[in-house]
There are 2 protein chains.
Amino acid sequence: MRSRLIDLHNIQIDDPFFGRYTHLVPDVIIPYQWNVLNDMEPDAAPSHAIRNFRIAAGLEEGDFYGFVFQDSDVAKWLEAAAYSLASHSDEDLVEKMDETIRLLASAQMPDGYLDTYFQIRENGQQFTNLREGHELYCAGHLIEAGTAYYKVTGKRELLDLCCRMADHIVDVFHKEPLRRGIPGHEEIELALVKLYEVTGKESYLDMAAEFLDRRGRKPYYFEEEAARPAWKGIFDSSPDGYHYSYSQSDEPVRIMKKAKGHAVRAVYLYCAMADVACYKGDQELLAACERLYENIVGRQMYITGGIGSSGILERFTTDYDLPNNSAYAESCASIGLALFCRRMAQITGEAKYMDTAETALYNTVLSGIAMDGKSFFYVNPLSVWPAACMEGTSMEHVKPVRQKWFGCACCPPNIARTLASLGEYCLFTGEGNLWMNLFVQMETVQNFSGRLLKMRTETRYPFEGRIRIRFSETETGETAPAKTDEINTLRVRIPGYASSFAITRNSRPAEYETDKGYACVKANFISGDVLEITFDMPSKFMSANPAVRADAGRAALVKGPLVYCLEEQDNGRNLEKLVVDTDAPVRETFEKTILGGTLILQAQGWRESYEAFDSSKLYQEARTVREPVTLSFIPYAFWDNRIPGEMEVWVRKR
Amino acid sequence: MRSRLIDLHNIQIDDPFFGRYTHLVPDVIIPYQWNVLNDMEPDAAPSHAIRNFRIAAGLEEGDFYGFVFQDSDVAKWLEAAAYSLASHSDEDLVEKMDETIRLLASAQMPDGYLDTYFQIRENGQQFTNLREGHELYCAGHLIEAGTAYYKVTGKRELLDLCCRMADHIVDVFHKEPLRRGIPGHEEIELALVKLYEVTGKESYLDMAAEFLDRRGRKPYYFEEEAARPAWKGIFDSSPDGYHYSYSQSDEPVRIMKKAKGHAVRAVYLYCAMADVACYKGDQELLAACERLYENIVGRQMYITGGIGSSGILERFTTDYDLPNNSAYAESCASIGLALFCRRMAQITGEAKYMDTAETALYNTVLSGIAMDGKSFFYVNPLSVWPAACMEGTSMEHVKPVRQKWFGCACCPPNIARTLASLGEYCLFTGEGNLWMNLFVQMETVQNFSGRLLKMRTETRYPFEGRIRIRFSETETGETAPAKTDEINTLRVRIPGYASSFAITRNSRPAEYETDKGYACVKANFISGDVLEITFDMPSKFMSANPAVRADAGRAALVKGPLVYCLEEQDNGRNLEKLVVDTDAPVRETFEKTILGGTLILQAQGWRESYEAFDSSKLYQEARTVREPVTLSFIPYAFWDNRIPGEMEVWVRKR
């Protein structure tokens, strides 16, 4: 059994914390990206993505422009826009989307193939360089868009286009020379499962399963491929020196124990492994997913939910190798991690996976976007000294300030689709249960033990561990969503960081049982009922596993799911001079005017200096002196939204 | 005035410390490299360097193989071999060298040009891509070899070849299109000065001076060059995105304030700037050299004398950016720094420059070579955790163990020529002075105030600050070197780290005056005199300038010129768990059996752990507990000569 994601029509989020970001999707990001895709945004790098489709469709003369995976930008925009429509109806947007979908249909080849790079530039070379060609990656993103648009609007045009494309893929990937073919960048696998979920067509699920099991088998497909005359493209397709682990194709997925290679590819693969394990009832595959999850969370994840620490190849490295200042920790990788964890939570019912998803969402994913929605981090370091983030050095991947929409625009639309589909993380349903995973302020209408009720949560979480849930009659004229399961049990996630947990019903202690990290309450609610969930989540100093050399002698301050950090603006230059007293109490203050209203944490500590240090020298004998100071921390998610400067998560401790 | 380097025939080094390396040059390195250059070494990467000359000379059919700067490997071998002959006569070696020189002569073009890459592969494209072509770099190294061989043996063949080559360069670089041309990799400038020193020909000095002053002038020469149809070679010659600072061509040399760009290129440039400043009496240029020295030593140098911290582009970054584990700190860059400092000491007479040269030589340069002379570090990190030094990651440039001779073989022969010419660092002469810069055990014969005496130093330095100097009659039949200045003053360097300094003559305090960091003793020595120089150089813990964020809260243990480090072999796994007590006394023990006889330093400290840390977790609240331990340090120069493992210079302090 696998619980279902909530229908996005049936959750209205108006969360004070997430609200500063979620409104950006319809108001800023989707209109902006539409302009970028159509080359109408003077400030942005040229995209050419829509023109590529027009050229492929024969509607315009010209050459392809952009990355080989340029088409995926259009797909991600469609997907984000589709989710957004569930909560923000927008006729104008629907028109743009339908116009775009018609354009895509007119560019699609009769056999179902669709990829403008190959149609324009390399016709006849389709699928000859799976390692670097990204056709299956683009196809996957389009399928995600097609299923999202269908689920939100019921419209079939894009879905049908995707089915034609998927049918073509299933066809050619069962014939020579592609009978053993696999994508270099995973994505098609999880997309095919989504298409299976919507259409029920087993061949999609089977193809996804086959793509998984073809990986890592010797002789390696990419070796065979490189030996054939084929399009080599912009990448050297030589197998010499290619690290197969980079694309998770060094070993069969079932025996994997350690997350390896390009982090985004890895977690997209693990998503599909979880999906297939579930729908095929494949325990061996599910066990591999669990091992990979444990490896990431136990050995390879930053405290912020960032993964993939190397700036070169954006990859996982060795266990416990988590440098703070040179961290890659791509926004997209944390999104992928959240997607993987969500699937694992749906499949196993275990709350721990949503703890991890929450960490990724509340820290690295939000760090990825500015509060005005106009600039983005691809790379999410945990320590920044701006002067050292220089181009043409080992730190060139780290940017001390967010960047405008990039040429390689993977992260911004990925963050957009995540924010637009936040509801899918909040609530799951299935077999009489309603899982409440995230504590965001929202409304939903559910059939509670036969009574159709509106359920409204109110909370200042994550700044406070208190969530009030009010049940009330649905308003006149409000219709029940088409399919609402009868909910008999409300399952409220007990966060791993909660040091206490209590539920009251109408101010009296409510009975609950604990199962797999969820507090299970009998859902016999009636209108007027008020449920209150409270848990303590005092701010606390965390230590890293001693094997993490980068964090030795350092502490990170957290509160609930939020990781906090020091910024130069509040604490002066050279944050490395500061030492925190982890034994002194931390003061929590809600500051209405800072960063849209933020709980600030203040700790005691010292600023170190040296007695009589001759600053013209680099090295000398010196006696350390310490002056007491108050250190002021803000949520990591919010860093670099004021004056640019230094930032630090792991602070030296005494 | 500029003091002169000692004639290498007139210094016999038999130093207990350096001896473990200097004997490797004739015994191991020169024979091994000869085999490599001739492709007779089965273990090494193919070199093809000699064959390239045979092909260019028409003696053999075939194609060029190797880097565009492959010729320089032959030049560096000739230079190292030449120095080596001064102290180790070797008829067989002379024969190989002369045979090689004849080969080079037969490959040289009638106009004097010599570069096998361009002669074989790109004839007609000579000097069309100065930015990346490396022809002037190769020419420079050959000139260094030619002057060295002439000075040691008096043989003119290679020198004459170099003069023909240099005359050709002077000629074509005064005509269009090369009238403004400059090399992308500096080296020719300092070489032309050496050729001027030997031949007295002003045009070489003038050309060197012009090459210097052409740099950094707008419009940039490399822009002009890229606009012309020309050989683009293996490098993209597009000026877009080219960082002119990479090749020190972003600003005129006279206004430079900060060391920038590729570190080896930078220090080779500064060598030539010092040379030209001296011979042209150019105070403005000398002031620039002093500023650049101060910038390096005051802001951009590792405590080990390593420079150039970025793994990408092997370059200087921003002031105080000195990461320990990702350090580049190329061996060749420290050699170049020592060469620059030696020139500055010769020109200014200031001891501080030799302090810096000594730091580079005793730490990073020696770290570059294994004690068996068979493997080498290009990159000299100050903190190593071997598991994190993975290919295909941001740490891929860092190797946890030394490598065999590389395809790009710059460092091994550079270390060889440095060891073979160590005497040139030890003693300078000029205007009645004998400068004693390094405290190595050696013999020289000098005319002291009219008496020809043998001067022999005896010392266990750098493990002890005591040098005994015995003066004695020259042996029967020992002839005085051709030109020995009369020495009236012995100038003994007072090291910056000496906490006391005394000289006795025949056990009685000797009078001396201090000038520019040297103790000046009247050189009226007679046979039987014994001078004893003693200084205290207690081991001590150094702190880095607080602006060096990487070293915050850390200490480095040094003794005299030696930087010490922890190795895993002596201190167990995970050196980041160790904390040193900088207030407790350090115990010094000479261990005869370790690393060929080494002073070990033992400090008190603690091993940190966490109470009840669940090691399956990455992050948790935890109380630190400390267990007292003794930390055992070895000289940084000697690291990785036993069991490979972790290493650390900057140790956490309490």
Side-chain angles (χ1 to χ4, degrees), chain A residues 243 246 294 297-299 301 303 309-313 315 317-323 325-326 328 385 387-388 390-397 540-550 552-553 556 558 574-577 579 608-610 613 615-622 624 652-653, chain B residues 243 246 294 297-299 301 303 309-313 315 317-323 325-326 328 385 387-388 390-397 540-550 552-553 556 558 574-577 579 608-610 613 615-622 624 652-653:
Chain A
H243 297 278
Y246 172 69
E294 293 298 340
V297 172
R299 300 182 175 213
M301 187 182 79
I303 195 169
S309 63
S310 172
I312 294 180
L313 298 181
R315 54 171 280 198
T317 58
T318 195
D319 287 349
Y320 306 113
D321 179 31
L322 296 163
N325 61 348
S326 64
Y328 201 78
W385 170 32
M390 296 172 77
E391 261 189 66
T393 72
S394 299
M395 291 291 288
E396 67 182 8
H397 59 284
K540 58 185 178 182
F541 290 102
M542 302 294 273
S543 296
N545 189 305
V548 182
R549 281 142 177 91
V558 303
N574 200 342
L575 301 176
E576 285 292 343
K577 284 184 183 173
V579 176
E608 280 191 357
S609 58
Y610 293 118
F613 200 99
S615 67
S616 76
K617 299 264 190 313
L618 257 179
Y619 307 106
Q620 55 198 281
E621 270 190 299
T624 302
R652 292 170 53 208
K653 64 183 172 185
Chain B
H243 298 278
Y246 172 69
E294 293 297 339
V297 171
R299 299 181 176 214
M301 187 181 79
I303 194 168
S309 64
S310 172
I312 293 179
L313 298 181
R315 55 171 281 199
T317 59
T318 195
D319 287 350
Y320 305 112
D321 179 32
L322 295 163
N325 60 349
S326 64
Y328 201 76
W385 170 32
M390 295 172 77
E391 262 190 62
T393 72
S394 299
M395 291 292 286
E396 65 182 10
H397 59 286
K540 57 186 178 180
F541 290 101
M542 302 295 274
S543 296
N545 190 305
V548 182
R549 280 141 178 93
V558 303
N574 200 342
L575 301 176
E576 285 292 344
K577 284 183 184 174
V579 176
E608 280 190 358
S609 58
Y610 294 118
F613 199 100
S615 66
S616 76
K617 299 264 189 311
L618 257 179
Y619 308 107
Q620 53 200 283
E621 271 190 298
T624 303
R652 291 170 53 208
K653 64 183 173 188

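Chain A is the first sequence line, chain B the second, and so forth, proteins listed ahead of strands; every chain is numbered from 1.
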Q: Quick one: what part of Thr317(A) sits under 4.5 Å from any heavy atom of chain B, side chain, backbone, both or neither?
A: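 Backbone plus side chain of Thr317(A), per the 4.5 Å heavy-atom cut-off to chain B.
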Q: If I measure from the heavy atoms of chain B, does Ser309(A) come under 4.5 Å with its side chain, its backbone, both, or neither?
A: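 Contact with chain B is absent: no heavy atom of Ser309(A) under 4.5 Å.
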Q: Indicate yes or no for a side-chain donor-acceptor contact from Asp321(B) to the backbone of Ala387(A) under 3.5 Å, with no hydrogens or angles considered.
A: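 Answer holds: no.
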Q: Check side-chain contact (heavy atoms from CB on, under 4.5 Å) between Arg299(A) and all other residues, then give those that pass, not counting sequence neighbours.
A: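 Per chain and number, Arg299(A) pairs via side-chain contact (heavy atoms from CB on, under 4.5 Å) with Asn295(A), Asp319(A), Tyr320(A).
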Q: Return the minimal non-hydrogen interatomic distance between Glu576(B) and Ala552(A), and the atom names on each side.
A: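 Closest heavy-atom pair between Glu576(B) and Ala552(A): O-CB, 3.6 Å.
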Q: Search all heavy atoms of Ser394(A) against all heavy atoms of Gly311(B) and return the closest pair with its distance.
A: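 Shortest heavy-atom separation between Ser394(A) and Gly311(B) comes out as OG-N, 2.7 Å.
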Q: Search all heavy atoms of Lys617(B) against all heavy atoms of Asn545(A) and return the closest pair with its distance.
A: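 Heavy atoms only, the tightest pair is O-ND2, 2.9 Å.
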Q: Checking Arg652(B) against Arg652(A) for the side-chain contact (heavy atoms from CB on, under 4.5 Å) test, could you report, in this order, the C-alpha distance in whole Å, the side-chain angles of both residues, the deciding distance, and whether it holds?
A: CA-CA 11 Å; Arg652(B) 291 170 53 208; Arg652(A) 292 170 53 208; over 6 Å; no
Q: Using heavy-atom distances under 4.5 Å, tell me whether Tyr619(A) contacts chain B through its side chain, its backbone, both, or neither.
A: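 The answer is both parts of Tyr619(A).
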Q: Counting only heavy atoms closer than 4.5 Å, note whether Lys577(A) contacts chain B via side chain, backbone, both or neither.
A: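 Side chain of Lys577(A) only, per the 4.5 Å heavy-atom cut-off to chain B.
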Q: Who wins among Glu396(A), Lys653(A), Met301(A), Met395(A) for the most heavy-atom pairs under 4.5 Å with chain B?
A: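 Heavy-atom pair counts peak at Met301(A).
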Q: Is it the side chain or the backbone of Glu294(A) that comes within 4.5 Å of chain B heavy atoms, both, or neither?
A: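 Neither; nothing under 4.5 Å.
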Q: Name the region of Leu575(A), side chain, backbone, both or neither, that has any atom closer than 4.5 Å to a heavy atom of chain B.
A: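 Neither the backbone nor the side chain of Leu575(A) comes within 4.5 Å of chain B.
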Q: Check whether Val297(A) gets within reach of chain B through its side chain, its backbone, both or neither, counting any heavy atom under 4.5 Å.
A: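 The answer is the backbone of Val297(A).
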